[in-house]
Asks: 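Submitted below is the structure of interest, expressed as structure tokens.
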There are 2 protein chains.
Amino acid sequence: MNKEFISLLEKHQLRKTAPRLSVLSILKAKNTATSQPDLEAMIGKDVDRVTLYRILKTFEEKGIIHKILDLNGTANYAICHSSCNEHDHKDNHVHFNCTVCLHIYCLDNIQIPDIKIPSGFVSHTTNFVSYGICEKCSKKAEQYVNSNDEE
Amino acid sequence: MNKEFISLLEKHQLRKTAPRLSVLSILKAKNTATSQPDLEAMIGKDVDRVTLYRILKTFEEKGIIHKILDLNGTANYAICHSSCNEHDHKDNHVHFNCTVCLHIYCLDNIQIPDIKIPSGFVSHTTNFVSYGICEKCSKKAEQYVNSNDEE
DNA sequence: TCTTATATTGCAACAAAGTTGCATGATGTG
DNA sequence: CACATCATGCAACTTTGTTGCAATATAAGA
Ligand SMILES: [Zn+2]
Ligand SMILES: [Zn+2]
Ligand SMILES: [Zn+2]
Ligand SMILES: [Zn+2]
């Protein structure tokens, strides 16, 4: 399993270090994007805050991960699928930000629709974030309602 | 002209104070969203940073202004058009963030398109930001190229 | 394996934005 | 004009992002 991450680092000419492998395995295991503070907590204090910051910055520049800003403007990171590289990210999928658990989901299968922008303006990238309640939180809410009904 | 702002404050049961009127007149005069730091600079040190923060927070809650996060996750604010109120903002227009001048434009005429989200997820709001080069910056770039040709 | 150039990390220090509590002052109502 | 309430200013603090520099780990070549 580690081989996957090692070859990923090699592909981008990055040295294989413990902190980097930790970051990759954490991000890969989750189906939601992760903020730096959360990553810090998960990795523990073996890795310095600044190191983490720089790892994330490097990974983003190399097209290994992409950044999504949450409700508060805090950066969250998720693995780029497939074919992103240093020169162009193709993360043109929609993101869903749950306002209850605050998780950010990459909706990889949902493409950002095209729009017409005013003439004179040139668009390079677009960002589409949907805010609401995720599946897990919806189910929890249902369960809560049901358990109250039973009483 | 001030009457407009005064009645706006009255409508929302907010006291008419100098700092609030300043904020409203600045935001209304601009066709781009404004960050809090910029507002601070424009208003000057008559108004405390925290006061400004609270004014913006109140205005946003009342549906007088809406918040857009820029590239760096910094909050920018723009007047809500027409019919927003305390209970629902209807700011479902696309925003354009210029990567050169960093201005954020409200594209009031361009609605955010609907998308299908996975079943189980419930969306309440959506955010669409287009990043690129705005009209002004495009023209400046053209002029620059032309002036170089002439030499 | 040892050596060396260079990439990476840790620490310290700082900057920017957001946030809270509390005392003081302004506003609007009767 | 008095009073209740809203709004402001100040101080203090948190979180996130960022840079410089010295110490260390990595990879490649001898
Ligand atoms: Zn959720
Ligand atoms: Zn994503
Ligand atoms: Zn511009
Ligand atoms: Zn807008």
Asks: Is there side-chain contact between B/Tyr53 and B/Lys57, with heavy atoms separated by less than 4.5 Å?
Replies: yes
Asks: Does A/Thr51 make a side-chain N or O approach to OP1 or OP2 of C/dT8 shorter than 4.0 Å?
Replies: no
Asks: Is any side-chain nitrogen or oxygen of B/Thr17 closer than 4.0 Å to OP1 or OP2 of D/dT8?
Replies: yes
Asks: Starting at atom CD of B/Glu10, determine the distance to atom P of C/dT29, rounded to an integer number of angstrom.
Replies: 9 Å
Asks: Grab the CG-C1' distance between B/Leu21 and D/dT8 for me, whole Å please.
Replies: 15 Å
Asks: Look at the side chain of B/Lys16 and decide which nucleotide, out of C/dG28, C/dG18, D/dA27, has an atom nearest to it.
Replies: C/dG28
Asks: Which comes earlier along DNA chain D counting from the 5' end, the contact point of B/Ala18 or that of B/Asn72, where each point is its nearest nucleotide?
Replies: B/Ala18
Asks: Roughly, in whole Å, what's the span from CG in A/Leu56 to P in C/dT8?
Replies: 14 Å
Asks: Applying side-chain contact (heavy atoms from CB on, under 4.5 Å) between A/His95 and each of A/Ile110, A/Ile112, A/Ile68, A/Asn76, report the one that passes.
Replies: A/Ile68
Asks: Would you mind reading off the distance between B/Ile55 atom CD1 and C/dA26 atom P, rounded to a whole angstrom?
Replies: 15 Å
Asks: Provide, to the nearest angstrom, the distance between the NE2 atom belonging to B/His12 and the C1' atom belonging to D/dC6.
Replies: 17 Å
Asks: Have a look at B/Arg20 and say if it touches a base, only the backbone sugar-phosphate, or nothing, with a 4.0 Å heavy-atom cut-off.
Replies: sugar-phosphate
Asks: Under 30°, 30 to 60°, or over 60°: which ring-plane class applies to B/His66 and B/His93, parallel, tilted or perpendicular?
Replies: perpendicular
Asks: Taking atom C1' of D/dG17 as reference, at what distance in whole Å does atom CG of A/Asn76 sit?
Replies: 14 Å
Asks: Within a radius of less than 6.0 Å around NZ of A/Lys116, do more than 12 heavy atoms belonging to other residues, nucleotides or ligands occur?
Replies: no
Asks: Could you check how far CD of B/Glu61 sits from C1' of D/dA7, rounded to whole Å?
Replies: 14 Å
Asks: Categorize A/Lys45 for me: base, sugar-phosphate, or nothing, with a 4.0 angstrom heavy-atom threshold over every strand shown.
Replies: nothing
Asks: Does the side chain of A/Lys57 get closer than 4.0 angstrom to OP1 or OP2 of C/dT9 through an N or O atom?
Replies: no
Asks: Nearest to the side chain of B/Arg15, which nucleotide is it out of D/dT18, C/dG28, C/dT9?
Replies: C/dG28
Asks: Name the closest nucleotide to the B/Arg54 side chain, picking from D/dT8, D/dT18, C/dA26.
Replies: D/dT8
Asks: So A/Leu8 and A/Glu4, side-chain contact (heavy atoms from CB on, under 4.5 Å) or not? Walk me through it.
Replies: CA-CA 6 Å; A/Leu8 185 59; A/Glu4 181 190 349; 5.9 Å; no
Asks: Does C/dG18 have OP1 or OP2 sitting under 4.0 Å from an N or O in the side chain of B/Tyr53?
Replies: no
Asks: On DNA chain C, compare the nucleotides closest to B/Leu14 and B/Leu69; which residue's is nearer the 5' end?
Replies: B/Leu69
Asks: Rounded to whole angstrom units, what separation is found between the CG atom of B/Asp38 and the P atom of C/dA17?
Replies: 9 Å
Asks: Which one, D/dC6, D/dG9, D/dT18, comes nearest to the side chain of A/Val50?
Replies: D/dT18
